[in-house]
Amino acid sequence: MLQPPTGTRDFYPAEYNRLRYVTETWRAVSVRHGFEQIDGPTFEHLDLYKIKSGDGIVSELFSFERFGGEKTYALRPEFTPTLARMYAARAGALPKPTRWFCTPTFFRAERPQRGRLREFSQWNCDILGDDSPQADAEIIACAVEALRALGLTSEHVKVRISHRAAVEQALVKRGVEPAQLPRWFTLLDRVGKISNDAFIDEAMKLGMSSAMSLQLISMMTQATTFEEPTTQVMLGEETTGTGPAYFKALFAALEEQGVADWCLLNLGIVRGLAYYTGMVFEIHEAQGALRAIAGGGRYDKLIELFGGPPTPAVGFGMGDVVLSLVMEDKGVMPTDAVIAERLGLRPDAVVISNGTPEADAALPRVLSALRRGNLHARRSGKATKNIGKLLQDAARMNARYCVILESGSLATLKDMATGAQSQVPLGEVVARIARR
RNA sequence: GUGGCUGUAGCUCAGUUGGUUAGAGCGCGAGGUUGUGAUCCUUGAGGUCGCGGGUUCGAGUCCCGUCAGCCACCCCA
């Protein structure tokens with residue numbers, strides 16, 4: 001049997017509904033938070049992705065040339081370059097701030113694993129043209145509210161927040177030269193993955209004492225709430241100037257938006273490469289299982305890099321794969337029937353015949369009258385004339401009503417939830433089932 | 001991309017030290033009984049045992065390769 005390509009998924013109806021449940025929740029939450037939906041091409045010029053990520057990105061992409069063509073394209077592995085390109089092209093005409101979201105599919109040529117596929121859906125939410133801590137908090141709150149809407153709680157998942165300036169400050173304070181900072185960020189990203197001894201070895205090669213390194217490890221691995229004294233001490237000690245003031249404002253805004261209890265300060269969240277300029281965050285399962293559900297932060301230099309005007313920006317991405325796994329692990333993924341109902345897919349009526357020629361003849365007419373009346377109407381695909389089995393089929397379809405045709409003019413209308421039945425002339429069936 | 005584990009029906013799994021036409025439950029289809037979602041009875045379809053080689057008189061079972069899934073690296077935009 002032919003298999004789908006590595007790391008891709010077939011979506012049969014139940015799986016497709018689960019995906020839609022997630023993506024439609026993303027969309028609804030985005031709209032409620034004042035974001036407008038956009039989209040771009042599924043593939044871009046390969047060079048677009050080198051601008052932000054360098055040549056090293058190429059091996060992670062699905063890139064291709066058209067037969068006989070000369071240009072090299074790549075399936076989109078992320079949205080930010082497209083967003084930056086689109087924003088830069090019309091920056092002068094766009095409102096400040098601009099709030100955009102999208103929920104498309106992306107493609108990465110990585111080796112698949114649990115929670116990591118080669119094709120996935122990802123929600124992106126960005127605020128462009130607003131450099132305030134309130135904007136940072138709104139971005140975090142929007143991500144959290146989607147998780148809340150999907151049934152997750154602050155017990156299930158945690159937002160871990162860091163700030164590049166705070167981490168840089170901590171490094172500089174321990175004698176690190178600014179030119180060495182990129183190498184340090186790479187090393188800090190490995191805290192927890194390599195042993196403390198291995199970390200200290202590497203740190204000593206970069207010229208830091210083991211005592212200082214231990215302090216650093218401790219700071220990077222602590223995840224504390226904002227109220228905790230250690231947090232205040234850490235922020236007071238490790239950051240200067242706007243640092244403590246920034247976090248105070250951020251936390252106040254998170255508090256105002258009712259998501260502060262989901263959030264922790266964890267300076268160990270470095271978020272890989274260098275285009276983040278300020279606050280960075282990741283959302284993880286509370287015990288640290290799986291990969292990040294979402295990640296994002298502030299990238300104030302990126303729009304310029306893509307040829308636009310200087311524009312502060314903050315945003316995040318949230319993929320469907322890890323999120324769905326966490327929802328299933330936490331038992332908050334609704335049943336197929338509940339999802340179908342929430343998506344508006346529950347049949348209003350299933351029409352069945354009692355097997356007489358008159359009723360059989362009336363069935364198609366009743367069915368199409370219901371459909372013309374803007375109702376979701378089905379018939380059973382079963383060949384049997386057994387009323388019990390046909391009702392069972394209607395129950396399986398989770399229909400609101402079953403219309404049992406008794407003759408060419410009369411039907412029994414059964415409310416499938418209550419079991420209540422009544423006799424109804426065929427001409428009144430649509431009106432009786434119509435929702436008010 | 002590197003290394004390891006796994007692979008029997010749509011799903012969950014049986015399948016003796018290699019031995020006849022590879023099984024079960026659920027699900028799916030058809031029929032029967034009861035004019036009401038249940039129960040029960042009968043019955044059908046669906047597998048070249050992931051795929052391809054090899055060893056053997058004989059391979060679902062052993063070996064190699066390959067593909068896919070999972071795990072650890074890597075990466076995480």
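What you see is a predicted model; the values in this text were computed from it and never measured.
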- Task: Give A/Leu390 one of three labels, base, sugar-phosphate or nothing, depending on what nucleic acid heavy atoms sit under 4.0 Å from its own.
- Result: nothing
- Message: Tell me every residue that passes side chain to side chain contact (heavy atoms under 4.5 Å, CB included) with A/Tyr12, counting only those two or more places apart in sequence or in another chain.
- Response: A/Asp10, A/Glu15
- Message: Let's test your reading of the model: under 3.5 Å, does the base of B/C70 pair with the side chain of A/Arg114 as donor and acceptor?
- Response: no
- Sorted by chain and number, sequence neighbours left out, side chain to side chain contact (heavy atoms under 4.5 Å, CB included) with A/Gln421 holds for A/Thr412, A/Lys414
- Message: Applying side-chain hydrogen bond (donor to acceptor under 3.5 Å, both in side chains) as the test, list every pair that has at least one member in residues 382-394 of chain A; sequence neighbours left out.
- Response: A/Ser380-A/Asp393
- Message: Output one letter per nucleotide in nucleotides 34-39 of chain B: B when a protein non-hydrogen atom lies under 4.0 Å from the base, S when only the sugar-phosphate is that close, - when neither is.
- Response: BBBBS-
- For A/Gly54, answer base if it contacts any base atom (sugar-phosphate contacts may also be present), sugar-phosphate if it contacts only those atoms, and nothing otherwise; contact means non-hydrogen atoms under 4.0 Å. nothing
- Base-pairing mate for B/G7 - Watson-Crick or G-U, with both contacts under 3.5 Å: B/C67
- Rounded distance (Å) that lies between atom P of B/A77 and atom CD of A/Glu119: 20 Å
- Query: Can you list every pair that meets side-chain hydrogen bond (donor to acceptor under 3.5 Å, both in side chains) and has a residue in residues 33-49 of chain A, with sequence neighbours left out?
  - Reply: A/Asp39-A/Arg76, A/Glu44-A/Thr82, A/Glu44-A/Arg85
- Task: Please find out if less than 6.0 Å separates the ring center of A/Phe120 from that of A/Phe107.
- Result: no
- For RNA chain B, find the residues of residues 357-367 of chain A with a heavy-atom distance under 4.0 Å and give them by number; none if there aren't any. none
- Item | Short N-O contact, A/Arg108 and A/Glu119, less than 4.0 angstrom | no
- Applying side chain to side chain contact (heavy atoms under 4.5 Å, CB included) to A/Leu19 and not counting sequence neighbours gives A/Phe11, A/Tyr16, A/Thr23, A/Ser121, A/Asp320
- Residue pairs passing the ring-ring contact (aromatic ring centres under 6.0 Å, His included) test with at least one member in residues 313-345 of chain A, sequence neighbours excluded, are A/Trp123-A/Phe316
- Message: Test of understanding: with ring pair (Phe, Tyr, Trp, His ring centres under 6.0 Å), list the residues that count as partners of A/His284, not counting sequence neighbours.
- Response: none
- Message: A/Gln257: which residues meet the side chain to side chain contact (heavy atoms under 4.5 Å, CB included) condition with it, sequence neighbours left out?
- Response: A/Ala137, A/Glu138, A/Ala141, A/Ala253
Show which side-chain atoms of residues 303-315 of chain A pair as donor or acceptor with protein atoms under 3.5 Å away, not counting sequence neighbours.
| unit_1 | atom_1 | unit_2 | atom_2 | d |
| --- | --- | --- | --- | --- |
| A/Thr311 | OG1 | A/Pro309 | O | 2.7 |

- Round to a whole Å and report the spacing from NZ of A/Lys385 to P of B/U33. 13 Å
- Would you state whether a donor and an acceptor, one from the side chain of A/Arg111 and one from the base of B/G3, lie under 3.5 Å apart? yes
Report each atom pair, protein N/O against N/O of nucleotides 42-45 of chain B, whose distance is under 3.5 angstrom.
none

